[in-house]
Structures are given as C-alpha cells and as structure tokens.
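Taking it in order: structure first as structure tokens, then the write-up.
Remember, it's a predicted structure, so these values are computed and weren't measured experimentally. No hydrogens, no waters, no symmetry mates; every other heavy atom, side chains included, goes into these values.
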Amino acid sequence: MRKLVYSLGVSLDGYIAGPGGDIGWSAPGEELHRFHNEQARATGVQLYGRRLYETMLFWETADAAPDASPEVVEFARIWRDTPKLVFSTTLTSVEGSNTELAQGAPAAELARLKDEPGMQIAVGGAGLAATFIGLDLVDEYGLFLYPALVGGGTRLFPPLGAQLDLRLVETRTFDSGVVYLRYERAR
C-alpha cells in the first residue's frame, strides 16, 4: 500500500507562510533544492489544494527562464512528469502537464490511490493536508524547519481533536541552517 506524505517548509514558530502569504523566507538554496528534487522523484502522485496548485503552475515553464539554475530546470521537468490531482470546490478545470481535477471526496480519492501500485503520494497545501490530518490518513510528515520567526500567517498544522503520536525516522541539517525532520505515524 502506498503511503501519504505531508512535507513542507516551516518557520521555527510554526508557520508555512508568513503574514500576507509571504513564503520568501523559505526559498531553498542549491543543496536543499537538490534534496527537494530527490523527494519529488520519489513521488508517484501529487495531491494539491487549489491555492497551492495555482502557485505551483509556475513550474510548468520555470525551466524556460534564461537564468534558471540546473536545480530549477530539473525540478520543472520532474513536476511536469508527476501526475497531479487537484481538489477544489471552485475550479471547473485545471491546466498543466499530467494534471486532473479530483472528482471524488479527498478521503475516497486517497483510498483509491493508496490501493494502486506505485511510489508515495504527496499532499500539498495546508487546507487539503488539514483534511487528511484530521482523518488521520497521513503516514509520514517531513518538516523543513527554517531558522526564521515569521510572527504569524498560515500554520503548518490544524487544531487536532486528538493527539497523533509520531516516530522520528530521519534528520538532516543543510548548510543553510534548515533542519529536515522526517516522522512516521506511530500506529
């Protein structure tokens, strides 16, 4: 059975975006970008909420920029090749390579995908991830802890109705001071 992974950059004070949606503080350097590319290559399906999907459409053509770094070129190619499923109550269509609009409820679509063979499933977007977290369907959490205090914005985790126990399975520190923490759901 495939696992669902929620992996995202987070400030030291627990935010994935600062006030006004600012994410400039989480731009990866070369070393971290290469690591993100490795993780993206290990993803069989990417699940997006509408807002993050719209942000990520940048990657459809990011490699065409004359100043695109090798890491950006590589990630853009990986992004286009990876199947993407977008959950939205407002969109009637989606664009971009290998991208579909979800037809069913998040839990039902996830159950279907988990039963299919293939690589891990990744969820992106705080709102969509909150749905899966609230249903205790996330198998693994990957936190990129940034050495920044942003003071407010969008929180990484939603309020929970019950404690979810996790087991630390990997750590890594990058030259930038970002610390990667990977946890599995302890069941």
What is the minimum heavy-atom distance between Ala148 and Ser11, and which atoms define it?
O-CB, 3.3 Å
Report whether Leu101 and Tyr48 are members of the same hydrophobic cluster (ILVMFWY, side-chain heavy atoms less than 4.5 Å apart, transitive linking).
yes
Tell me which pairs pass salt bridge (charged side-chain N to carboxylate O under 4.0 Å, His left out) where either residue lies in residues 148-174, with sequence neighbours left out.
Arg167-Glu184, Glu170-Arg182
Could you check whether the rings of His33 and Trp59 sit parallel, tilted or perpendicular, using 30° and 60° as the cut-offs?
perpendicular
Shortest non-hydrogen contact between Val73 and Ala68, atoms and distance
CG2-CB, 3.9 Å
Does any non-hydrogen side-chain atom of Trp79 lie less than 4.5 Å from one of Leu57?
yes
Value for CD (Glu38) from CD1 (Ile78), rounded to nearest 0.5 Å, stands at 9.5 Å
Test item: Arg80 and Glu60 side chains (from C-beta on) under 4.5 Å apart, heavy atoms
yes
Closest non-hydrogen contact found for Met119 with Gly44 is CB-N, 3.6 Å
With the side chain counted from C-beta on, respond yes when Val123 and Leu110 share a heavy-atom pair under 4.5 Å apart, and no when they do not.
no
Shared hydrophobic cluster for Ile16 and Leu166 (ILVMFWY, side-chain gaps under 4.5 Å):
yes
Pro147 vs Val178 side-chain heavy atoms within contact, under 4.5 Å:
yes
Between Tyr146 and Ser26 (side chain of the first, backbone of the second, donor and acceptor by atom type, cut-off under 3.5 Å), is there such a pair?
yes
Going by salt bridge (charged side-chain N to carboxylate O under 4.0 Å, His left out), name the pairs with one or both residues in residues 12-33, residues two or more places apart or in two chains.
Glu30-Arg34
Set out, in order, the CA-CA distance, both residues' side-chain angles and the distance that settles side chain to side chain contact (heavy atoms under 4.5 Å, CB included) for Val150 and Trp25, then state yes or no.
CA-CA 8 Å; Val150 299; Trp25 52 270; 3.6 Å; yes
Counting distance only, does the side-chain N/O of Thr43 pair as donor-acceptor with the main-chain N or O of Arg41 below 3.5 Å?
no
Which atom pairs, one a donor and one an acceptor, fall under 3.5 Å between side chains of residues 125-138 and the rest of the protein, sequence neighbours left out?
{"from": "Thr131", "atom 1": "OG1", "to": "Gly127", "atom 2": "O", "distance (Å)": "3.4"}
{"from": "Asp136", "atom 1": "OD1", "to": "Arg185", "atom 2": "NE", "distance (Å)": "2.8"}
{"from": "Asp136", "atom 1": "OD1", "to": "Arg187", "atom 2": "NH1", "distance (Å)": "3.3"}
{"from": "Asp136", "atom 1": "OD2", "to": "Arg185", "atom 2": "NH2", "distance (Å)": "3.0"}
{"from": "Asp136", "atom 1": "OD2", "to": "Arg187", "atom 2": "NH1", "distance (Å)": "3.2"}

Decide if atom CD of Glu100 counts as having more than 12 heavy atoms of other residues, nucleotides or ligands within a radius under 6.0 Å.
no
Pairwise salt bridge (charged side-chain N to carboxylate O under 4.0 Å, His left out) hits with a residue in residues 1-10, at least two apart
Arg2-Glu116, Lys3-Glu140
Does the ring center of Phe35 lie less than 6.0 Å from the ring center of Phe174?
yes
With a 4.5 Å cut-off on side-chain heavy atoms, are Leu143 and Leu156 touching?
yes
Any ring-ring contact (aromatic ring centres under 6.0 Å, His included) pairs touching residues 150-170, not counting sequence neighbours?
Tyr141-Phe157
Do Gln39 and Tyr180 get their side chains close enough for a donor-acceptor pair, meaning under 3.5 Å?
yes
Please determine, by modelled atom types, if Gln46 and Thr82 share a side-chain donor-acceptor pair under 3.5 angstrom.
no
Answer whether the closest heavy-atom distance between the side chains of Arg50 and Thr90 falls below 4.5 Å.
yes
Here the pair of heavy atoms bringing Phe75 nearest to Ala40 is CE1-CB, 3.8 Å
Any link between Leu8 and Leu181 through a network of hydrophobic side chains (Ile, Leu, Val, Met, Phe, Trp, Tyr) touching at under 4.5 Å?
yes
At what distance, to the nearest 0.5 angstrom, does CG of Leu32 lie from CG of Asp175?
10.0 Å
Does any part of the side chain of Leu145, heavy atoms only, come nearer than 4.5 Å to the side chain of Leu12, both counted from C-beta?
yes
Where the side chain of Ser88 meets the backbone of Leu91, is there a donor-acceptor pair that is under 3.5 Å apart?
yes
Side chain to side chain contact (heavy atoms under 4.5 Å, CB included) assessment of Val72 paired with Asp67
CA-CA 10 Å; Val72 165; Asp67 61 343; over 6 Å; no
Per the ring-ring contact (aromatic ring centres under 6.0 Å, His included) rule, what does the pair list look like for residues 92-123, sequence neighbours excluded?
none
Shared hydrophobic cluster, Leu85 / Tyr6 (ILVMFWY, side-chain heavy atoms < 4.5 Å)
yes
Can you hop from Met1 to Val45 via hydrophobic side chains spaced under 4.5 Å?
no
Does Glu74 offer a backbone N or O that forms a donor-acceptor pair with the side chain of Asn37 under 3.5 Å?
no
Begin from the C-alpha positions of Phe144 and Val10 and carry the test side chain to side chain contact (heavy atoms under 4.5 Å, CB included) through to its verdict.
CA-CA 6 Å; Phe144 292 89; Val10 60; over 6 Å; no
Sidechain N-carboxylate O distance under 4.0 Å for Arg51, Glu54:
no
